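Scroll down for the structure; my scribbles are underneath it.
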Amino acid sequence: MAEPLTSRKILFGAAALCLASPFASAAEEAPTVTDAPFDAASRLDREIAMIRKGRLDEAERLLSRDMAAERSPRVRADLLAAFATQLFLNAPKLDDPTSALVLDYLDRVVNAYRLVLGAGDPEVATALIRRAEVERLLHPDDPAPWTDSAYQQAYRIRFERLGATSPVTLGTLIPMAELAALPSRSQGDPAKIEAAAAMLRQAVEGTAAVQDDSARVVHAEALATLQRLEAVYGAGRPDGPRPQIMTAGAARQCAGVDLNDAIIFSGEPAPLDLLRDRFGKAGLILLPCGSMLAFPLGPGVDPTPVLDLLTDISAGRIKGLYMGLRNPSETPASLPDGAR
């Protein structure tokens, strides 16, 4: 795959910040050096020169010598991060072997920061996202399966270390939602589309009242991404599923729940009891909605402890339990205006 260098810089800059989608507007300013510390990048002049000439083997040999001469584990990790960045930005072409090499170095960066700083350090989250965003750039229609878990790990780290309302934490939900909504992931399943839309609404609402430049960037990008999602699955496709899929009769039974920001579960009593127990053990609350249960979403709510469970439900692997969809045995009911 070959593309203009400026385009690569723009995309990588947005990815590293993780305040906007890697496929954000070209108005994003391209990084001029790297996302690793400047002192690390400034030590790679010879490596960068070799990369630009396409002499990648020589660039790697130079990097090995520089790292062998460096005693600080943190600086060695920073050198790896800087090299991976420069390899991505400056390689003459991103063919398959070069792309694989970039991803390999980005993986090494993740492991290096884990060893040096600890698995829960925010720098590890940034490294995880950087690698995932490059994978999405290289394979936009169907990124490798590890991409999903990389985003989830990064979100958990940021949630725990930076807080649920941090713009950086909320910004992580945007690429997570974009990935979840891809046809290769959602398979057109309305429940999965709704789960992606819910993540975007959480980012929108969590940054709505924050007077901060980074929060405003996240708010605008999350809102734009949600609108694109609605254009594809909502008004833009009258015959297709809408992102906000509600159980038949939910608006009447869930008067105390904001259905614009909740996932509705329906099904048989035993599976619903199991669901309530699993959510309770994760410290999450399910609200009663007649014969159904509602999971309110919004700022401060972290659904990652039950993501695997939600995936199993939406895939139909838990018999007698339905997420965001009516029970197939029910007679469809018309929803009141505004319920979707």
Side-chain angles (χ1 to χ4, degrees), residues 21 132 136 139-152 155 173-203 222 225-251 254 257 259-268 271-272 274-275 278-279 284 286 289 292-297 301 303-335 339-340:
S21 161
R136 287 180 63 207
H139 307 104
D141 295 328
D142 189 14
W146 58 259
T147 314
D148 305 71
S149 61
Y151 283 124
Q152 292 168 17
Y155 180 77
L173 293 170
I174 299 173
M176 288 176 67
E178 290 178 322
L179 181 62
L182 285 177
S184 61
R185 296 311 199 259
S186 69
Q187 303 296 321
D189 184 340
K192 293 181 180 179
I193 301 300
E194 165 55 21
M199 285 190 278
L200 294 170
R201 286 195 294 273
Q202 182 177 343
T225 306
L226 182 59
Q227 290 170 345
R228 289 195 295 270
L229 192 64
E230 290 175 340
V232 173
Y233 291 97
R237 285 182 53 192
D239 59 335
R242 297 186 62 81
Q244 187 64 29
I245 307 296
M246 293 300 172
T247 303
C254 304
V257 178
L259 294 184
N260 291 317
D261 204 9
I263 297 177
I264 304 297
F265 299 96
S266 61
E268 300 170 5
L272 286 173
L274 173 64
L275 182 71
R278 286 284 300 276
F279 270 67
L284 299 171
L286 290 175
C289 289
M292 299 174 292
L293 295 172
F295 177 38
L297 298 166
V301 177
T304 52
V306 292
L307 282 179
D308 290 343
L309 177 61
L310 296 179
T311 300
D312 287 341
I313 296 171
S314 66
R317 289 193 283 269
I318 300 181
K319 185 177 180 181
L321 195 57
Y322 311 94
M323 182 176 78
L325 297 169
R326 68 180 180 86
N327 187 318
S329 65
E330 294 175 351
T331 301
S334 299
L335 294 179
R340 48 164 150 178

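Keep in mind the model is a prediction, meaning the values are calculated, not measured.
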Atom pair [atom1]/[atom2] of [X] and [Y] - distance to nearest 0.5 Å:
{"X": "D141", "Y": "R136", "atom1": "CG", "atom2": "CZ", "result": "11.5 Å"}
{"X": "E178", "Y": "L173", "atom1": "CD", "atom2": "CG", "result": "11.5 Å"}
{"X": "F279", "Y": "L286", "atom1": "CZ", "atom2": "CG", "result": "5.0 Å"}
{"X": "M199", "Y": "L226", "atom1": "CE", "atom2": "CG", "result": "11.5 Å"}
{"X": "R278", "Y": "I318", "atom1": "CZ", "atom2": "CD1", "result": "7.0 Å"}

**Study point:** For L182, all residues meeting side-chain contact (heavy atoms from CB on, under 4.5 Å), sequence neighbours excluded
**Key:**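 For L182 the side-chain contact (heavy atoms from CB on, under 4.5 Å) partners, ignoring immediate neighbours, are P143, L179, S184, R185.
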**Study point:** Contact summary for A196 and A177, nearest pair of heavy atoms
**Key:** O-CB, 3.4 Å
**Study point:** Nearest atoms (heavy-atom pairs only) where A132 meets A150
**Key:**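 Between these two residues, the closest heavy atoms are CB-CB, 4.2 Å.
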Point to revise | Test log, rule side chain to side chain contact (heavy atoms under 4.5 Å, CB included), inputs L321 and L272 | key: CA-CA 7 Å; L321 195 57; L272 286 173; 3.5 Å; yes
